**Q** 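Quick one: structure below, then a few questions.
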Protein chains: 2
Amino acid sequence: MCYHSLNDRGYSNMNKYYLFFGNLANKLKIDIITELKKSPCSVLELSDKLKTEQSKLSHSLHSLRCCSIVNVKQEGKKRIYSLNKETILPILKIIDKHENKFCKKHCRALKK
Amino acid sequence: MCYHSLNDRGYSNMNKYYLFFGNLANKLKIDIITELKKSPCSVLELSDKLKTEQSKLSHSLHSLRCCSIVNVKQEGKKRIYSLNKETILPILKIIDKHENKFCKKHCRALKK
DNA sequence: AACACATATGAATAGAAATTCATATTTATA
DNA sequence: TATAAATATGAATTTCTATTCATATGTGTT
């Protein structure tokens, strides 16, 4: 999921897209993003809010951090994760629009 | 990959995001999108251009169609697939920007 | 209606990514 | 410096998705 290394090894530039998408193709990661959208928080806080085991979060946060969708800073013993809103929020908004515009209609069409 | 049915069964609205991303998290699908960006074409034409087996393309095109990323129309024996540029091109552009702005710097940081 | 061309479909398998769980590392504090 | 708290890591396993390949379906032509 960390595509930086891939790029370095001379892989096609197109790879970045599907690696980026792959990184987000997961319910937990979307839940994390949704939570961090409200406010930054630590791993244990996330664990509590999302009722999710800690190492699972650490793994997910690692790959989100890998492609800079989240940032982290140390605060005492805690590591505070925050959302890089600049990229992901516009994308989610485009998807919302897409759903409204294309998917409801298409859905009916498919049911026929 | 077809999330319409999921929505119908009362799943959370958040699912749509990761299902959408999941649908794009694949090299072949990005290649298809890249090709259809140039011009619409049939499955066999795609097969030729991308040096890819036909049923593989049909499967990929099916899921891309499911979430309205591509459209299709019948023309004689052929089915002509075209890209719904409205959604995907802006998203790819955002990802490009993201890479340039965040990933190169971050990449260096990770290597230390 | 038989045929060929074009595409779709289904089921088995292969492949990739997420999860789990035990343990290591990091950070602050007594 | 020993300890506790917070997080990260690795490897085994499970779960999910893509691929493969054989075959079915659809479309136009003779």
Side-chain angles (χ1 to χ4, degrees), chain A residues 1-3 5-6 11 15 17-33 36 40-67 69-82 110 112, chain B residues 1-3 5-6 11 15 17-33 35-36 40-67 69-82 109-110 112:
Chain A
M1 220 62 106
C2 272
Y3 45 75
S5 50
L6 287 177
Y11 280 71
N15 286 307
Y17 295 122
Y18 83 84
L19 292 167
F20 185 92
F21 291 129
N23 203 348
L24 294 167
N26 174 271
K27 177 158 163 40
L28 176 57
K29 287 182 189 162
I30 298 296
D31 288 342
I32 290 172
I33 287 169
L36 292 184
C41 63
S42 72
V43 180
L44 278 187
E45 283 169 329
L46 272 178
S47 179
D48 184 52
K49 288 176 178 172
L50 300 177
K51 304 279 175 258
T52 299
E53 195 256 326
Q54 171 269 319
S55 77
K56 208 172 154 181
L57 286 167
S58 277
H59 282 297
S60 288
L61 288 166
H62 175 79
S63 50
L64 288 175
R65 181 165 181 275
C66 255
C67 67
I69 292 169
V70 303
N71 295 120
V72 63
K73 66 177 170 186
Q74 194 79 32
E75 267 186 22
K77 290 178 200 171
K78 297 183 177 178
R79 314 197 77 203
I80 306 298
Y81 282 88
S82 60
L110 280 182
K112 281 196 292 195
Chain B
M1 219 62 106
C2 273
Y3 45 76
S5 50
L6 287 177
Y11 280 70
N15 286 308
Y17 295 122
Y18 83 85
L19 292 169
F20 185 93
F21 291 130
N23 203 347
L24 296 166
N26 173 270
K27 177 159 163 38
L28 176 58
K29 288 181 190 161
I30 299 297
D31 287 343
I32 290 172
I33 288 169
E35 198 55 49
L36 293 183
C41 63
S42 72
V43 180
L44 279 187
E45 282 170 331
L46 272 177
S47 179
D48 184 52
K49 287 177 179 172
L50 300 177
K51 303 279 174 259
T52 299
E53 195 257 324
Q54 171 269 319
S55 77
K56 208 172 156 182
L57 285 167
S58 277
H59 282 297
S60 289
L61 288 166
H62 175 80
S63 51
L64 288 174
R65 181 164 181 277
C66 254
C67 69
I69 291 168
V70 304
N71 295 120
V72 65
K73 66 176 170 184
Q74 194 80 32
E75 268 188 19
K77 291 178 200 169
K78 297 184 178 178
R79 313 196 78 204
I80 306 298
Y81 283 88
S82 60
L110 280 181
K112 280 196 294 195

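Numbered from 1 within each chain, the chains take letters A, B, ... in sequence-line order. Since the structure is predicted, the reported quantities are computational estimates derived from the model, not experimental observations.
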**Q** Are a donor atom and an acceptor atom from the side chains of A/Lys29 and A/Asn23 found within less than 3.5 Å of each other?
**A**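 Yes, A/Asn23 and A/Lys29 have a side-chain donor paired with an acceptor closer than 3.5 Å.
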**Q** Just how far, in rounded Å, is P of D/dT17 from CG of B/Leu24?
**A**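 So the two atoms are 13 Å apart, to the nearest Å.
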**Q** Under 4.5 Å between any side-chain heavy atoms of A/Tyr81 and A/Val43, yes or no?
**A**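 Answer yes - side chains close enough.
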**Q** Report the distance from atom OH of B/Tyr18 to atom C1' of D/dC16, rounded to the nearest whole Å.
**A**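 For the pair B/Tyr18 OH and D/dC16 C1', the rounded distance is 10 Å.
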**Q** Any idea which of C/dT19, C/dA8, D/dT19 is nearest the B/Lys56 side chain?
**A**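 When the side chain of B/Lys56 is considered, D/dT19 is the closest of C/dT19, C/dA8, D/dT19.
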**Q** Which heavy-atom pair separates B/Gln54 from B/Ser47 by the least distance, and what is that distance?
**A**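 Heavy-atom minimum between the residues: N-OG, 4.1 Å.
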**Q** Is a donor-acceptor pair below 3.5 Å formed from side chain A/Gln54 to base D/dA6, judging by atom type as modelled?
**A**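 It does not, because no donor-acceptor pair links the side chain of A/Gln54 to the base of D/dA6 below 3.5 Å.
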**Q** With a cut-off of less than 4.0 Å, is there a side-chain N or O of B/Lys77 near OP1 or OP2 of C/dA4?
**A**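 Checking B/Lys77 against C/dA4: no side-chain N or O falls below 4.0 Å of OP1 or OP2.
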**Q** Among C/dA8, C/dA6, D/dA8, which nucleotide has an atom closest to any side-chain atom of A/Val43?
**A**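 Looking only at heavy atoms from C-beta outward on A/Val43, the closest nucleotide is D/dA8.
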**Q** Can you tell me the distance, in whole Å, between the CG atom of B/Leu46 and the P atom of C/dA6?
**A**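 Taking CG of B/Leu46 and P of C/dA6, I get 14 Å after rounding.
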**Q** B/Gln74 CD to D/dT25 P: how many Å, rounded?
**A**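 Result: 17 Å.
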**Q** Of the nucleotides D/dT19, C/dT7, D/dT7, which one has an atom closest to the side chain of B/Ser58?
**A**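 When the side chain of B/Ser58 is considered, C/dT7 is the closest of D/dT19, C/dT7, D/dT7.
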**Q** Using whole Å, report how far NE2 of B/His62 lies from P of C/dT9.
**A**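 Distance check: B/His62 NE2 to C/dT9 P gives 6 Å.
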**Q** Pick one: which of B/Leu36, B/Asn71, B/Val70 meets side chain to side chain contact (heavy atoms under 4.5 Å, CB included) with B/Leu64?
**A**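 Answer to the side chain to side chain contact (heavy atoms under 4.5 Å, CB included) test with B/Leu64 among B/Leu36, B/Asn71, B/Val70: B/Val70.
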**Q** Quick one: are A/Cys41 and A/Ile80 in side-chain contact, heavy atoms under 4.5 Å?
**A**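 No, every pair of side-chain atoms sits at 4.5 Å or beyond.
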**Q** In whole angstrom, give the distance that lies between atom CD of A/Glu75 and atom P of D/dA6.
**A**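 After rounding, the gap between these two atoms is 14 Å.
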**Q** Out of C/dT20, D/dA18, D/dC21, which nucleotide sits closest to the side chain of A/Ser55?
**A**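 Of the candidates, C/dT20 comes closest.
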**Q** Any donor-acceptor pair under 3.5 Å joining the side chain of B/His59 to the base of C/dT7?
**A**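 Looking at the base of C/dT7, it does not pair with any donor or acceptor on the side chain of B/His59 (distance under 3.5 Å).
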**Q** According to a strict under-4.0 Å criterion, is B/Arg79 in side-chain N/O contact with OP1 or OP2 of C/dA6?
**A**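 Checking C/dA6 against B/Arg79, no side-chain N or O comes under 4.0 Å of OP1 or OP2.
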**Q** Grab the CD-C1' distance between A/Glu53 and D/dA6 for me, whole Å please.
**A**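 Going from CD in A/Glu53 over to C1' in D/dA6 covers 13 Å.
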**Q** Is A/Ser42 near enough to D/dT7 that one of its side-chain N or O atoms lies under 4.0 angstrom from OP1 or OP2?
**A**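 The answer is yes; a side-chain N or O of A/Ser42 sits under 4.0 Å from OP1 or OP2.
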**Q** Whole Å only: how far is the CG atom of B/Leu28 from the P atom of D/dT17?
**A**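 Spelled out: CG on B/Leu28 to P on D/dT17 is 17 Å.
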**Q** Could you check A/Leu57 against A/Ala25 and say which one's nearest nucleotide on DNA chain D is further toward the 5' end?
**A**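 First, find each residue's nearest nucleotide; the 5'-ward one identifies A/Leu57.
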**Q** Using a cut-off of less than 4.0 Å, is there contact between a side-chain N or O of A/Lys27 and OP1 or OP2 of C/dA18?
**A**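 Indeed not, no polar side-chain atom of A/Lys27 lies that close.
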**Q** Using OP1 and OP2 only, check whether a side-chain N or O of B/Lys29 sits under 4.0 Å from D/dA18.
**A**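 Yes, B/Lys29 has a side-chain N/O under 4.0 Å of OP1/OP2 on D/dA18.
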**Q** What closest approach, in Å, do B/Glu53 and B/Ser55 show between heavy atoms, and which atom pair accounts for it?
**A**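 Answer, listing the atom of B/Glu53 first, then B/Ser55: OE1-OG, 2.9 Å.
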**Q** Within less than 4.0 Å of OP1 or OP2 of C/dA8, is there a side-chain N or O belonging to B/Tyr81?
**A**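 It does, given that an N or O in the side chain of B/Tyr81 lies less than 4.0 Å from OP1 or OP2 of C/dA8.
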